[in-house]
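Remarks on the structure that follows.
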Number of protein chains: 2
Amino acid sequence: MELFALKGFNSTSVADLLSRTQLNSGSLYHVFPSKQDVLIGVLEAYRDGIEAMLLTPAWGGVADPIEKIFALLAYYRMGVVMTDCTYGCPIGSLALELHEPDPPVRDLLAANFKAWTAAVERCLDEAGDRLPANLDRDALAQFVLTTMEGGVMQARTHRDVVYFDRAVGQLRAYFEFLQSDARTKRRAKKGAS
Amino acid sequence: MELFALKGFNSTSVADLLSRTQLNSGSLYHVFPSKQDVLIGVLEAYRDGIEAMLLTPAWGGVADPIEKIFALLAYYRMGVVMTDCTYGCPIGSLALELHEPDPPVRDLLAANFKAWTAAVERCLDEAGDRLPANLDRDALAQFVLTTMEGGVMQARTHRDVVYFDRAVGQLRAYFEFLQSDARTKRRAKKGAS
DNA sequence: GTCTATAAAAGGATAGAC
DNA sequence: GTCTATCCTTTTATAGAC
């Protein structure tokens with residue numbers, strides 16, 4: 001996970017993997033028939049570890065569902081800052097690096113995105129009537145991921161976290177509009193009833 | 001440009017470049033001292049060609065400044081659809097593939113993003129008072145890029161353009177709120193004067 | 001299951017004639 | 001400026017002993 005996140009898949013050699021894991025060629029290949037199988041193992045680990053490795057640390061002490069969404073983004077921000085804007089989202093990086101991934105790899109990338117947006121969607125559901133009733137929660141959850149990935153990409157490229165912050169700031173503004181809209185509609189409904 | 005967009009930088013071999021260009025090793029290396037210099041040439045070509053290769057075709061027949069922004073996104077959508085969701089934004093792909101690019105490469109990636117967002121920002125300026133006066137146009141222009149890159153990433157990963165469409169749909173909703181907000185403020189101002 | 005040694009291929013880049 | 005031939009390194013993966 002560490003090496004693929006740091007250098008990507010193609011730029012990580014099997015020799016790198018052996019050196020980092022202190023394994024010998026025979027041992028690694030005994031478990032993983034090919035380098036791609038290591039990638040599959042890594043993507044499965046991310047998918048299965050989203051709760052323990054991402055959501056739990058990101059949401060420590062945060063109860064409000066909408067703030068949980070921004071806490072998730074803040075957690076990625078921390079990753080960006082701590083690595084001097086060289087690291088972003090390992091899944092996103094792999095998704096763009098591998099142009100024509102084999103189906104098992106592509107499916108796992110998609111599964112990782114799905115797990116991520118599903119977590120956000122649960123927050124949106126929890127937010128209840130603070131958001132408009134007619135809101136497409138699926139689309140908004142995806143849009144949060146869109147913002148994170150696009151923001152991370154620009155922060156990395158410019159080596160400046162402000163590009164991430166500005167993306168999140170715009171998303172925050174959008175959420176404010178949505179909440180304000182929900183309030184207006186609630187009042188109108190009350191008045192009409 | 002074609003090969004790097006299709007396969008990425010690392011997965012494009014010099015042999016690929018020679019075969020596609022019908023050049024011999026000696027000729028290519030006579031002009032480009034290394035493979036990275038080819039990349040630099042490609043990134044310069046994108047940067048210098050943004051008007052002719054991107055804006056002009058994307059904006060054919062579109063006059064409204066806000067619609068020009070969405071026409072730009074529609075142009076990328078076309079690229080996604082025409083390649084069965086395998087192709088996205090070549091700059092974004094390279095930006096995430098190259099984890100620690102040499103300064104000249106990184107600067108050119110950043111310059112490409114800058115040229116792109118600058119074009120969007122000009123549209124925002126043209127939109128005048130249809131958008132709130134206190135709007136951070138720089139941040140919003142970047143957010144359009146964020147949406148495009150994040151949307152393209154998910155469409156490619158899921159091999160389904162609907163993920164791109166949903167991202168753009170959310171951006172559109174945000175723009176509607178911004179325009180509505182600008183109208184409200186204009187009325188309030190008129191009323192006060 | 002793990003070890004060392006090595007195969008087999010592909011990669012970027014260069015040499016030197018023309 | 002362009003040609004062919006080739007060097008040298010890195011890379012993924014395997015062989016076969018232990």
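Source: prediction; values computed, not measured. Residue numbering restarts at 1 for every chain, and letters A, B, ... go by the order of the sequence lines.
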Practice task
Give a yes/no answer on whether the side chain of A/Ser27 brings an N or O atom under 4.0 Å of OP1 or OP2 in C/dC3.
Solution key: yes
Problem - Phosphate OP1/OP2 of C/dC3 contacted by A/Asn24 side-chain N/O (<4.0 Å) - result: yes
Round to a whole Å and report the spacing from [atom1] of [X] to [atom2] of [N].
X: A/Leu17; N: D/dA13; atom1: CG; atom2: P; answer: 11 Å
X: B/Asp16; N: C/dA10; atom1: CG; atom2: P; answer: 12 Å
X: B/Phe32; N: C/dG12; atom1: CZ; atom2: C1'; answer: 16 Å
X: B/Asn10; N: D/dT12; atom1: CG; atom2: C1'; answer: 16 Å
X: B/Leu3; N: C/dG11; atom1: CG; atom2: P; answer: 13 Å
X: A/His30; N: C/dT2; atom1: NE2; atom2: C1'; answer: 9 Å
X: A/Gln36; N: D/dA13; atom1: CD; atom2: P; answer: 9 Å
X: A/Leu18; N: C/dT4; atom1: CG; atom2: P; answer: 11 Å

Practice task
For B/Lys35 and for B/Gly26, locate the closest nucleotide of DNA chain C by heavy-atom distance; then report the residue assigned to the nucleotide nearer the 5' terminus.
Solution key: B/Lys35
Handout entry: Pairwise 5' ranking along DNA chain C for A/Leu28 and B/Ser11, keeping only the more 5' one
Key = A/Leu28
Handout entry: Lys/Arg-Asp/Glu bridge criterion (N-O < 4.0 Å) met for A/Arg77, A/Asp165
Key = yes
Exercise for the section: Give a yes or no on whether a salt bridge exists between B/Glu100 and A/Lys7, defined as a side-chain N under 4.0 angstrom from a carboxylate O. Expected result: no
Handout entry: Under-3.5 Å donor-acceptor pair between B/Ser25 side chain and D/dT2 base
Key = no
Problem - Test: A/Lys35 cationic atom under 6.0 Å from A/Phe9 six-membered ring centre, within 45° of axis - result: yes
Practice task
Is it possible for you to check whether A/Arg166 lies under 6.0 Å from the centre of the six-membered ring of A/Tyr163, through NZ or CZ, and within 45° of that ring's axis?
Solution key: yes
Practice task
Check every strand shown and say whether B/Ser34 touches a base, only sugar-phosphate, or nothing at a heavy-atom separation below 4.0 Å.
Solution key: sugar-phosphate
Exercise for the section: Kindly assign one of parallel, tilted or perpendicular to the pair A/Tyr174 and B/Phe177, based on the angle between their ring planes and the thresholds 30° and 60°. Expected result: tilted
Problem - First of B/Val31 and A/Ala15 reached from the 5' end of DNA chain D, by closest nucleotide - result: B/Val31
Exercise for the section: Could you work out which one of C/dG11, C/dT14, D/dT12 sits closest to the side chain of A/Ser13? Expected result: D/dT12
